[in-house]
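Below: the structure, in structure tokens.
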There are 2 protein chains.
Amino acid sequence: MADVARLAGVSKQTVSRVLNGTGRTSERTRRRVEQAIRELNYRRSGVARSLATNSSLTLGLVVPALDNPYYADIAQGAELAAWEAGYNLFLCNVFQDAGREGAALRSLEERGADGVIVDTPRLPDGALAELLGRYKAAVVIGREVPLEVASSIVVDDAAGVQLALGALHDAERRRVALLAGPDLYASSTVRREAFVRSERERGLFDPARVVIADTSPEASFAATLELLSRTPFDALVCFNDIMAAGALRALQVAGVRVPEEVAVVGHDDIPMAAWLSPPLATVRVPKREIGQRAVATLIAGLSGAANTRVVLTPELTVRESLSGMG
Amino acid sequence: MADVARLAGVSKQTVSRVLNGTGRTSERTRRRVEQAIRELNYRRSGVARSLATNSSLTLGLVVPALDNPYYADIAQGAELAAWEAGYNLFLCNVFQDAGREGAALRSLEERGADGVIVDTPRLPDGALAELLGRYKAAVVIGREVPLEVASSIVVDDAAGVQLALGALHDAERRRVALLAGPDLYASSTVRREAFVRSERERGLFDPARVVIADTSPEASFAATLELLSRTPFDALVCFNDIMAAGALRALQVAGVRVPEEVAVVGHDDIPMAAWLSPPLATVRVPKREIGQRAVATLIAGLSGAANTRVVLTPELTVRESLSGMG
DNA sequence: ATGAAAGCGCTAACAG
DNA sequence: CTGTTAGCGCTTTCAT
């Protein structure tokens, strides 16, 4: 910057003014400075700038596993919103490890991120609160946190379950099974409870039709086979689309026709869902919107807005795994 | 830091020494400093540190689209390697837009990233070279660049095509079609040329069996239908697994049995490939390794190593879409 | 409209 | 083993 100032024959201050478009500068001076910048191919150091302003126009997003397209979509939504607001978004994938979730949060802080968005099932409430407390603002996705700690964006899980069960009930399915995810995910617990409650109200609940598995196709493949051997069912509600993919395959291998014999409903509506065979009906979560809202909320928080809680509503995407006509 | 120094009754310098484990410090002083740090819940500013040291222990990774699990896997590999080497990895998803690829590279630079890894088809060579020139080191994935510009990690695309075609030939397929990606992707061009060459050598090439489509399931679904209506074929080689998913669905809708009537081979081996129906045979690319090698190469470059070119070899993963016995 | 001085929080280089 | 002095590249305040 000093070089630019020298070449343009002005002070560093003036260069700074031109760069920021702040204060007044005569047309002529500005031209000279801009020219010098171009000639020197100068680029200002965001690091020094951050140090001086104590702000970085940088946001962090911490997600547990990018290999689930669910998070990839959230990331894209966030990315887009951040970009439009003039912020940068740094994504930290923490690869399913609580220790690294903390480390990511700390390092984002050290690097001067103005705020963070976290979607992390693993970090205990206390640790999360402490880590987030160091930021000017923070948003938590998929998990309720006290408003003193951060804003949160969650999906109405119970509503999603009702949607799926309602449609299955309309399709005359009376023995609905649930392929739940691990309780590690708060939303899995919520959905399982909603499932139990709802089926019980209909007088259709049978605990033998509930099985818990890891969120991998492999695990849900195995769990589905086990379920098949254990008890009859005519519909299967899955914790997410990845698991549903494993389940579909298991049903196919077992010679069970979908949806004629067993209807299958996934959750999330990842891009692949429509291309499974049969195309997977699923509870659609507005992933992009989650990302966008998270960023919007975060930026609002940075300008002093109070923390809020946003609840998004899922929709049912009907496809052949539910509606028949394979 | 000044606060810590005061509380511990030492100079800032000593605190810095303790923090960095550099230089010698008496056991007693260190204890006192550590105690003070804990009491004040102090955390050092990476921003100031970067400004002073002109290094940030931060790496950037720029990918075109996280919604393709291919990139997600590369990111995970990179993430892991960076973590183990004590570096942070900031991921920038640039959402299929050349302008933002440049913007991401610039902002990473401004934020003080020590080096970057880019996997970007869109940025023209010249612009890429200029942008990368500002970093101490850089690695390009999936694209050849002059060694003066950066190191590169590429996959032997021609070998992958040979693998697929060899297996199809062994399976007595004599009318192999190619569902290519846009030429935007250098590797698509390379593979298409390898395909043409190879089939021609066998005396089996027919240009009518080559079709180009966008890398989405929708586009490849449509392209496959069109191909079906245009010319007979008994095998289909796809640019990637995402496209293969669309193709599988098209074949199914058209009532074509896979693999009995048409064998299908994808590319990349994304996690979902094994769960499509039928499970998708595919040219397996060592995605995790690409990420790891990229980071290793980058870190080597940061310590002054000369740029290198790494060529990784793909393998064929045989599954039912190729081997029969649906 | 522009410049000079001070300081953001840290490390580097030198003393002691 | 520890403290002192500069200075990283920018913005902020106050003059002019």
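Numbered from 1 within each chain, the chains take letters A, B, ... in sequence-line order. Basis for what follows: all heavy atoms, side chains included, without hydrogens, waters or symmetry-related copies.
- Residue A/S16 places at least one side-chain N or O closer than 4.0 Å to OP1 or OP2 of D/dT11.
- Toward the 5′ end of DNA chain D lies the nearest nucleotide of B/R17, the other residue of the pair A/N20 and B/R17 mapping further downstream.
- Put simply, the side chain of A/L108 reaches to within 4.5 Å of the side chain of A/C92, judged on heavy atoms.
- No more than 12 heavy atoms of other residues, nucleotides or ligands shown are found within 6.0 angstrom of CZ on A/R31.
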For B/R134 and B/E109, what are the C-alpha separation, side-chain angles and deciding distance, and is it a salt bridge (Lys or Arg N to Asp or Glu O under 4.0 Å)?
CA-CA 8 Å; B/R134 312 190 72 100; B/E109 180 209 345; 2.8 Å; yes
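- The CZ-C1' distance, from B/R111 to D/dC8, rounds to 15 Å in whole Å.
- For the side-chain contact (heavy atoms from CB on, under 4.5 Å) criterion with A/N93, the lone passing option out of A/L66, A/L61, A/V62 is A/L66.
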Stepwise side chain to side chain donor-acceptor pair (under 3.5 Å) test for A/S50 and B/R111
CA-CA 9 Å; A/S50 288; B/R111 304 267 74 246; 2.5 Å; yes
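- Regarding B/K12, its NZ atom lies at a distance of 10 Å from the P atom of C/dT11, rounded to whole Å.
- In this structure, CD of A/Q13 is placed 12 Å from P of D/dC10, rounded to the nearest angstrom.
- In this structure, the nucleotide among C/dT2, D/dG3, C/dC10 sitting nearest to the side chain of A/T25 is C/dT2.
- Electrostatic pairing of A/R100 and B/E79 counts as a salt bridge here, judged by a charged N lying under 4.0 Å from a carboxylate O.
- Rounded to an integer number of Å, the gap from CE of A/M1 to C1' of C/dG3 is 13 Å.
- The shortest distance between the side-chain N/O atoms of A/S26 and the OP1/OP2 oxygens of C/dT2 is below 4.0 Å.
- Here B/S11 does not reach the OP1 or OP2 of D/dT2: none of its side-chain N or O atoms lies under 4.0 Å away.
- Contacts between residues 37-45 of chain B and DNA chain C, counted as heavy-atom distances below 4.0 Å, involve B/Y42, B/R44, B/S45.
- Heavy-atom distances to DNA chain D give each of B/A52 and B/E27 a nearest nucleotide, and the one nearer the 5′ end belongs to B/E27.
- With a 4.5 Å cut-off on side-chain heavy atoms, B/L312 and B/I153 count as touching.
- For B/R24 and D/dC1, the shortest distance from a side-chain N or O to OP1 or OP2 is below 4.0 Å.
- Counting heavy atoms from C-beta on, the side chains of A/V295 and A/I117 come closer than 4.5 Å.
- Residue contacts shown for A/V47 are absent, as no nucleic acid heavy atom lies under 4.0 Å away.
- Backbone-only engagement by A/T29 is indicated by non-hydrogen atom pairs under 4.0 Å involving sugar-phosphate atoms exclusively.
- Taking atom CG of residue B/D3 and atom P of nucleotide C/dC8, one finds them 11 Å apart after rounding to whole Å.
- Note on A/N54: nothing from the nucleic acid sits closer than 4.0 angstrom, heavy atoms only.
- Taking atom CG of A/L19 as the reference point, atom C1' of D/dT12 lies 16 Å away to the nearest angstrom.
- Note: CD (A/E110) to P (C/dC8) measures 20 Å, nearest angstrom.
- Distances shown here put a side-chain N or O of B/T14 below 4.0 Å from the OP1 or OP2 atom of D/dG3.
- Protein atom CG of B/D114 is 15 Å distant from nucleotide atom C1' of D/dC8, rounded to whole Å.
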